[in-house]
Each structure stands twice: as structure tokens, then as C-alpha cells.
**Student:** 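So that we are looking at the same thing, I have put the structure below in C-alpha cells.
Computed from a prediction, not measured in an experiment: that's the story for all the values here. We use all heavy atoms of the structure for the numbers below, so side chains are in, but hydrogens, waters and symmetry mates are not.
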Amino acid sequence: MAKDAHPVAALVIMWLGILWMSMVEGGQCSMVGLPPIDRELYKESHPITYKICSLGHKGNNLDRYLMGRQFLVIFINFTINLCGAPLDGAEVLGLPKVLTDIFLGSGIAMVLIVVPLGQLTAQVNSSHCMLDYINTHFMTFTLYITLIIEATGVMHVCYLIRDMFYHAAGKPVESNEPPRSAVQNVFHWGRVAFSLGVLCFALAVTIEALFNGETTMWQSIPNGVAIVLFILLMAVVGLLEGMQIAFFAVAKIPKAERGDHPFARKTCELVFRGNGRNLPGFMVGRQITVTLCFFIIARVTTLDVDVGVDDNIFGVSDGVQEFFNLGFLGAIITTILASIAWQLVASAFPIAFLSNPIVYIMLRIVLLIQSTGICASAWFLGMIHKKIAGFQEDEVYVGTAEERAAGEKPDHSVHPGREFTMGTNVLNDGRNWDEAIANLSALETFSVKLERMLKNIRELREMINSSDISAEERTTFEKALAIEVRALDKLNAEEEEATNKSEGKDTEASKETDASDAELGEA
């Protein structure tokens, strides 16, 4: 884009894309994680979040949001690539050509910018500060855009794919809306047919451009190799998308029920080794790999026809050709064939999916990428972002699940039994989320928990006594203090109970020992 427009414009659009990406990624964590919590609990403290969730969690709107969001993520990645990808022969900072080709030409430089800043940092904070993260009209705007994208029907072929695989798996396709009327059915299946036509046309245009060498693919790569690379990268992205879904689908299944295939067992043993500590490693490595693949696919599929000079694809008008050059067609293909379709297959047949030996090999590769620490900066950046934005964990506002239940506001799902399988970075089932967190979290000892709680209480009391806060902030801190004190009381009660049980066991063991000694003495 910097070649065809002013470099400043390309730079501004690239950073706006990264900023929007952070809201799209963080928003997904919040939208998927907040349904169980009674919205009335945060209606006053987070009015924007309340309105967003009221719309986003109504009926099947969460499915619609996730589908529209999937396309939006890929399209933003494609746009960032158009703005920031280097031109052939570009030289930067006097680096040798080999380093320039490896670092810039391959897209690694863009990945190291987008993944930590636009994706992982957002996920780090939004996974624990869901209410604060989307309490902004930036998320309102994003939600409406995703719903509009879904409403166009461009992605509706995904519903056909979903229905086919759920039918093959013998699972009913559940809905939170009344059955469609005859008119609604005609409108729905009409959009499915339209979407199928759009997908076929996008494939035809892209393949024709690849055969003619009229994409932004590197000139040194032959056209035939570019087509093979396109298919290979789509398969890699699809495999990683499906692996994420399959891993969380089997997270709650006992080991004995994870299939008899040796590779399914080896894969599960590796990813859940050490209380599941390889699972977050896979998520980080997967994010890096998928984003790199997106950038390369963007180069492979984005048309580069010089309008008015070269022959237009299929003889379309100059205006249509300029639209093709924007990269929308590649984003549509990637969303449907390299993302959602694979997620649906893995959701319907998780064990069969994990039985593929390529899945095990890919898991090893992804864990190796993560182990380099190449994106570990996301944790530090997340800490800075949280401090600047003033984010607080959701428990400060609505308490823990146990406290909500005690206050007669128990958690519930507005989509009971549903599986949200169209997200790229978040668990597909809220029930698995709790177990995965429990598996991945280090078990704290009583002394560590006690020290942490006492520290929180001291800090909250200092903030309450501060003269630099408003009355509203003081009320919030007082509520947080009350929650922390109750948690401390509960911890002390649990420790006392555990101690009593331990002493009881010791007493019984002592009695058994005395009895044994007495028997030996009689003998």
C-alpha cells in the first residue's frame, strides 16, 4: 500500500488495524466469558458492557458475532500485511539481503508486531478483566460491524457446513431462537446459496490470478509452487484451528475415553502433561504460527493486477478489478475453508481429529516455537496496559462464582449446552474454560494464599483511606475489601477443617499402631 499511497497513510492504517485487532481479540474473550454472569450485577458499574452483552447474548447473536468476527480478524490481518509488508528488493537499516529476506520478506517482522501488541496482550488482560475491557463504544462499534458482516450472508455457507457435520455426528443443531418461519427459511437458505456462489467465484478468481502470476506473491516463486503453497498453508491454518477446538473438547474427558488410537493418546498425553501446562504453550505458539500463515496467505491470494494496463481477471470492469485487488476474496476463502470448516470438523469429531499423526507432529513444532520465548513480551505489555487503563479483575465488581451464588445471583448460561466453535483464540465451551484454568493454574499453598489475601486487604485499606479518590471509587474499594475479607474467612475455615481431618487421621493411625503393638506383645 505504501507503494500506491503515501507511506504515512499506510503507517496510520497499519497501526489502526493493530489497535482494532486488539479490541476484536479482547472482545471475543469477554463476549464468550460473560454469558454466565447475571447482567444486572454490572448494569450500573459498566453500562456500556451491559448494553453490549444485552445485544450480543440475545438469541443466536453470539454465534453471529463469532462468525463475523472471524472474517474481521482475517481481513484486518490481510490489511495490515498490505500496509506493512516490504516490497521486493527493499533495504532496511543496511541489513544484509539474507537477513532482510528472512526477517522482513517472510513476514516474521510483522508477526512480532501484530501478535504481542494486537492479540496476546489483549487476551492476557481481557481474560481476567472482561467487564472493563469492553466497557467502551469502540467495542460497541466492533460488535455492530461483526453482526453486519454476518448479516450480508457472505459467510452463510459455514452454516451449511456446520449442519452437515453435526448431522454426520448425530448431534442436533441447537438454537436459542424459535424455529424459522417459511419466509425466514427462504431468506436463510438464499443467503447460503449466495455464500456458496461467492466462495466458488472467489476460488476461481484467485486460482486464475495465481496461474497468471498476478498476485502479490514473491516474484521468485513459480506460479505452480505458489498454488501448492496456498493449499499447504490453508491446511496448516485449518489444522491449528481444529487442534484448538479438539484439545478443549477432550479436556474434561477421562483418559480412558480419549480413544484407542496411539496418536490420539500420545497427543493428549503431551498437551495435558504436568497438569496441562503445555496447553497455554500451544495457544501462544499456535497464535504465532497462524498469524504468520495469514500474512503469507495474504501475499499469495491478494491480487496485483495493474488496472488499465494488465488484462482484468475474467474480463471484469476496472472498478470490480480494483475491488478484487483489496484482498476481500482471499479473506473470504481463508475464513471459510481454512478456519471455520476445520473448527466444525474438530468439534464434531474431536477424537478422530486427534488421531491424525500430523496433529502430533504439528503440536511438537508449535511447542518448539513457543519455547523460544519470541512473544513472551506480551505478559509485560499486558501489565503496562492494565496499569494505564486501570483495569480491575471482574471479581472486584461482581464477586466470585461462589459469592454470586451465595447472594442468590448464581451463574447461568444464556446458551445452555451450546458450543461456540467459531473463535480462534478462546475455548469453545465455558465449562471447559473452568477446568482448563484449574488444570493450568499452579496450586497455591495455604501460606501463599494467606499472604496474598493479607497483602490485598492492606492495599485496599490504604486506598480507602486515601484522600485522592472519589466517593464512587471509595465505595468500590470497600466492596472489594468486603469480598477479600469473606474470602479470607473462608480460607481460614477450610484450613481449620483440613487440620482437624489431618489430626483425626493421625489419631486413628496412632490407635491402630498401639493396637498392633499390643497384639505383638501378647504374641
Side-chain angles (χ1 to χ4, degrees), residues 1 3-4 67 70-83 85 87-88 105-107 110 149 152-158 160-161 192-241 290-343 424:
M1 181 178 287
K3 178 181 68 173
D4 301 324
M67 183 177 289
Q70 190 79 1
F71 175 84
L72 188 58
V73 166
I74 294 173
F75 179 71
I76 292 174
N77 269 311
F78 276 42
T79 303
I80 292 171
N81 176 72
L82 282 175
C83 295
L87 302 175
D88 290 334
S106 66
M110 291 302 301
I149 291 172
T152 63
V154 174
M155 301 287 110
H156 266 54
V157 70
C158 295
L160 175 62
I161 298 172
V192 170
F194 165 71
S195 176
L196 183 61
V198 169
L199 175 61
C200 293
F201 181 73
L203 281 169
V205 170
T206 302
I207 292 173
E208 175 73 10
L210 283 170
F211 272 118
N212 296 337
E214 294 179 320
T215 71
T216 55
M217 189 61 181
W218 296 282
Q219 295 179 356
S220 58
I221 296 180
N223 297 342
V225 175
I227 293 175
V228 173
L229 184 62
F230 168 60
I231 296 172
L232 179 63
L233 289 174
M234 295 275 282
V236 170
V237 171
L239 196 66
L240 291 170
E241 295 281 16
V290 166
T291 304
L292 178 59
C293 289
F294 281 159
F295 283 138
I296 300 176
I297 291 173
R299 291 192 72 101
V300 175
T301 60
T302 300
L303 274 62
D304 189 23
V305 176
D306 194 351
V307 178
V309 178
D310 300 332
D311 292 334
N312 294 342
I313 301 294
F314 297 146
V316 299
S317 66
D318 289 350
V320 173
Q321 185 59 60
E322 289 178 351
F323 175 77
F324 288 170
N325 289 353
L326 293 175
F328 277 102
L329 300 184
I332 291 171
I333 295 170
T334 307
T335 302
I336 296 173
L337 297 183
S339 186
I340 295 177
W342 289 73
Q343 292 175 9
T424 58

**Student:** Do Ile336 and Ile161 have side chains that get closer than 4.5 Å, going by heavy atoms?
**Tutor:** yes
**Student:** If you look at every heavy atom in Leu210 and Ala226, which pair is closest and at what distance?
**Tutor:** CD2-CB, 4.1 Å
**Student:** Counting only heavy atoms not in Phe314 (residues, nucleotides, ligands), do more than 12 fall under 6.0 Å from its CZ?
**Tutor:** yes
**Student:** Using a 6.0 Å cut-off, check whether atom CG of Asn223 has over 12 heavy atoms from anything other than its own residue.
**Tutor:** yes
**Student:** For a 4.5 angstrom cut-off between non-hydrogen side-chain atoms, does Ile296 reach Phe230?
**Tutor:** no
**Student:** Kindly determine whether Ile332 and Met155 satisfy side-chain contact (heavy atoms from CB on, under 4.5 Å), including the steps that lead there.
**Tutor:** CA-CA 8 Å; Ile332 291 171; Met155 301 287 110; 4.0 Å; yes
**Student:** Assess the side chains of Asn312 and Asp318: does a donor N or O sit below 3.5 Å from an acceptor N or O?
**Tutor:** yes
**Student:** Would you say Val237 and Ile297 make side-chain contact, with heavy atoms under 4.5 Å?
**Tutor:** yes
**Student:** Tell me which donor-acceptor pairs under 3.5 Å the side chains of residues 194-207 have, and how far apart each pair is, sequence neighbours excluded?
**Tutor:**
unit_1	atom_1	unit_2	atom_2	d
Ser195	OG	Val154	O	2.5
Ser195	OG	His156	N	3.3
Ser195	OG	Val157	N	2.9
Thr206	OG1	Ala202	O	2.8

**Student:** Counting only N and O atoms by type, is there a donor-acceptor contact under 3.5 Å from the side chain of Thr152 to the main-chain atoms of Ile149?
**Tutor:** yes
**Student:** Please round to the nearest 0.5 Å and tell me the distance separating atom SG of Cys293 and atom CG of Leu229.
**Tutor:** 9.0 Å
**Student:** Would you check if Met67 and Thr335 make a side-chain contact, meaning some heavy-atom pair closer than 4.5 Å?
**Tutor:** no
**Student:** Would you give the length of the straight line joining atom CZ of Phe328 to atom CZ of Phe323, rounded to the nearest 0.5 angstrom?
**Tutor:** 5.5 Å
**Student:** Before giving the answer on side-chain contact (heavy atoms from CB on, under 4.5 Å), spell out for Glu214 and Asp311 the whole-Å C-alpha distance, their side-chain angles and the decisive distance to 0.1 Å.
**Tutor:** CA-CA 10 Å; Glu214 294 179 320; Asp311 292 334; 5.5 Å; no
**Student:** Within the distance-only criterion (no hydrogens, no angle test), does the side chain of Thr215 pair as donor or acceptor with the backbone N or O of Val300 below 3.5 angstrom?
**Tutor:** yes
**Student:** Roughly how far, to the nearest 0.5 Å, is CZ of Phe71 from SG of Cys158?
**Tutor:** 11.0 Å
**Student:** Is any side-chain heavy atom of Ile313 less than 4.5 Å from a side-chain heavy atom of Gln321?
**Tutor:** yes
**Student:** With a 3.5 Å distance limit and no angle check, can you tell me whether Trp342 reaches the backbone of Leu337 through a side-chain donor-acceptor pair?
**Tutor:** yes
**Student:** Got Val305 and Phe324 here, is their nearest side-chain heavy-atom distance under 4.5 Å?
**Tutor:** no
